[in-house]
Amino acid sequence: MILFEEVVKRYPGEYVALAGVSFEIRHGEFVVLSGHSGAGKSTLLKMIPVIERPSSGTVRINGQDVSRLRAAAIPYLRRNLGLVLQESRLLFDRSVFDNVMLPLVITGHPPRDAARRVAAALERVGLKGRDREMPAGLSGGEQQRVAIARAIVNKPSILIADEPTAHLDRAYAREIAALFKSFNEAGVTVLVSTHDSELFAHHAPRRLVLGKGILIGDSE
Amino acid sequence: MTGWLYLHLRAMAQAIRRLATHPLGTLLSAMVVGIALSLPAAGYLLLDNVASLARGVSGTPEISLFLATEAGAAEVKAIEERLGSEAQVASYRFVSREEALRQLEQSGLGDVLGGLGSNPLPDAFVVSARGDDPGVFERLQARFREWEQVEHVQLDSAWVERLHALLGLGRSAVLLLAALLGFALVIVTFNTIRLHILTQRHEIDVSRLLGATDPFIRRPFYWFGGLQGLLGGLVALATVWLTVKALAAPVESLAVSYGAVFSLSGPDLRQGASLLAFASFLGWLGAAISVRRHLAERLR
Ligand SMILES: Nc1ncnc2c1ncn2[C@@H]1O[C@H](COP(=O)(O)OP(=O)(O)OP(=O)(O)O)[C@@H](O)[C@H]1O
Ligand SMILES: [Mg+2]
């Protein structure tokens, strides 16, 4: 489903963030990507929605080589992915409802059905009835849940989250971890990065470990 | 199709919302655009009015040939024949010196001439030419001057021609003004949209990450530019219309005092629609250029 082949990423200034990474994630897997800060986790995840392109090597999603995807096709790729990025990236001048609604507005979803889906997504992340509130009035954990609701509202088959628990205390972080596991149990392929490898321990995920741009561990 | 319509309606609604969230800014922009546009619009209207006035008075220009006073019946006959063989001459009419004197007497100047004892007026031909090309009149006039026994040639339409030349000049000036101010308008919109893009950078980036296409992101800005132009056009139209309304009565009474019938006419439906379309187009153009320039850099 997701296939990395000898993926190298050199940032301007010749800094090598990924130095030849290969792995495959199959449909329905629950994968946790860990590694120290600066190991290249975010860089790796950004290759999938083509926020970054590899300097060499290929990234395939469902057989399609997305590393050479033309710019106009990228939005359509992203619509089939659920993305939770490191910075929560909510729109703080919009209500919780409008934030979660955004992906559906972008795809031109009929408003009535869209509203139902937003309500369902918010319920799924435990924010039922909070749709009229503004993100600034929510706790960090709740904001992250809004970002997650926004990522799943389009019912993506792949969910990618970059350190979704970064700024949360342990109790909140566990809840979020359980939430991702529940999505996976519902059939979604999940790829989550974290530098807290303990967090997902009792969900028995497949583990990928990055160290200085090289894959140094794969629990398979 | 319905999806396309939905996306456009959404973009339009978003643009209207952006205009409505800053009512003062929107109003000021509309005023700037409107006042800038009202100048060439008023100029155009003024020329239009003067042109219709000129058309009303001129009719077909005529050329008068005054013969030498010593010219006799034979010479008159010769000239009449030459006129008959000129291809550009549509018709001509002979005005004898006696007839000219009679006309003069009827106009109340008879007493003055009566004192002279003899008739000082020459025989004359009044010629009208084919078509309304001013060049033809000029050429005919020059040709007639060469003829023997023709003392003086007068083009009755000289002032009309001068007026037309002035109108042409005025039109160029209005066109230049419109181009200049139109350009300024495009720049104003360009800058407004630039600021909007800057303040919405975050929203644009997030939308892109969630799968928004370039047209999806650009569309509200196009609408915004077009609508801002339209509002400016409305202000310009209102300004011109009110000006005409205020000037109509004084102009009419001025015309009456000169013994003329003339009333200032305001912008008609076609002119109004053109102005609004032009203003919207300029706003859209400014937005399009700005969007092209400021949304060009994508995420790698
Ligand atoms: N846009 C960029 N330009 C230049 N260098 C970059 C860029 N993005 C990341 N890097 C560098 O690439 C390396 C890997 O960064 P990356 O963000 O992928 O690490 P990470 O594993 O996600 O770290 P963290 O746990 O701190 O988020 C870092 O040294 C970083 O400085
Ligand atoms: Mg990172």
Side-chain angles (χ1 to χ4, degrees), chain A residues 9-12 43 45-55 67 69-94 98-112 114 135 146-147 150-154 156 160 162, chain B residues 1-26 192-224 288 291-300:
Chain A
K9 179 64 184 180
R10 256 178 250 105
Y11 279 117
T43 303
L45 294 181
K46 282 176 184 168
M47 301 284 161
I48 298 167
V50 202
I51 297 168
E52 296 286 354
R53 291 185 195 262
S55 308
S67 42
L69 204 59
R70 60 194 179 83
I74 292 173
Y76 301 97
L77 166 72
R78 290 180 182 167
R79 291 176 188 189
N80 295 316
L81 301 171
L83 282 184
V84 182
L85 293 176
Q86 201 157 355
E87 323 81 64
S88 83
R89 287 186 171 266
L90 295 178
L91 303 180
F92 283 87
D93 57 346
R94 306 282 184 84
D98 286 346
N99 268 279
V100 179
M101 180 79 155
L102 193 55
L104 300 175
V105 171
I106 286 168
T107 50
H109 224 80
R112 277 267 215 73
V146 175
R150 189 180 65 187
I152 60 161
V153 76
N154 252 341
I160 294 158
D162 193 5
Chain B
M1 181 60 203
T2 51
W4 179 87
L5 189 67
Y6 168 73
L7 285 171
H8 260 287
L9 286 177
R10 192 205 69 90
M12 188 181 77
Q14 196 173 339
I16 291 173
R17 210 160 38 235
R18 281 177 195 168
L19 284 166
T21 37
H22 307 288
L24 188 67
T26 301
T192 314
I193 298 290
R194 185 181 69 88
L195 294 175
H196 273 272
I197 290 173
L198 282 179
T199 55
Q200 286 165 38
R201 188 93 256 173
H202 180 62
E203 182 177 340
I204 291 168
D205 288 348
V206 170
S207 298
R208 277 197 169 134
L209 285 174
L210 297 175
T213 56
D214 274 1
F216 177 89
I217 288 168
R218 291 175 176 189
R219 232 176 261 132
F221 293 112
Y222 291 155
W223 275 101
F224 186 95
V291 159
R292 195 153 284 271
R293 171 85 182 67
H294 298 109
L295 284 179
E297 80 272 37
R298 308 162 174 279
L299 297 162
R300 277 144 301 164

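Every chain is numbered from 1, with letters handed out A, B, ... down the list of sequences. Just so you know, these numbers come straight off a predicted model, no measurement behind them.
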Side chain to side chain contact (heavy atoms under 4.5 Å, CB included) partners of Ala13(B), counting only residues at least two apart: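 Not a single residue meets the side chain to side chain contact (heavy atoms under 4.5 Å, CB included) criterion with Ala13(B).
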Partners meeting side chain to side chain contact (heavy atoms under 4.5 Å, CB included) with Asp98(A) (sequence neighbours left out):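 Scan of Asp98(A) (side chain to side chain contact (heavy atoms under 4.5 Å, CB included), adjacent residues dropped) gives Arg94(A), Ser95(A).
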Contact leader toward chain B among Leu102(A), Leu83(A), Thr107(A), where contacts are heavy-atom pairs under 4.5 Å: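 Answer, by heavy-atom pair count under 4.5 Å with chain B: Leu102(A).
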Heavy-atom pair count under 4.5 Å with chain B, highest-scoring of Leu77(A), Leu81(A), Val105(A):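 Looking at each of Leu77(A), Leu81(A), Val105(A) in turn, Val105(A) comes out on top.
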Candidate pair Asp93(A) and Gln200(B), rule side chain to side chain contact (heavy atoms under 4.5 Å, CB included), full reasoning: CA-CA 11 Å; Asp93(A) 57 346; Gln200(B) 286 165 38; over 6 Å; no
Mutual orientation of the aromatic rings belonging to Phe224(B) and His196(B) [parallel < 30°, tilted 30-60°, perpendicular > 60°]: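 Phe224(B) and His196(B): tilted rings.
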Winner by heavy-atom pair count (cut-off under 4.5 Å) against chain A, out of Ser207(B), Gly211(B), Ala212(B):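 Counting heavy-atom pairs under 4.5 Å, the top option is Gly211(B).
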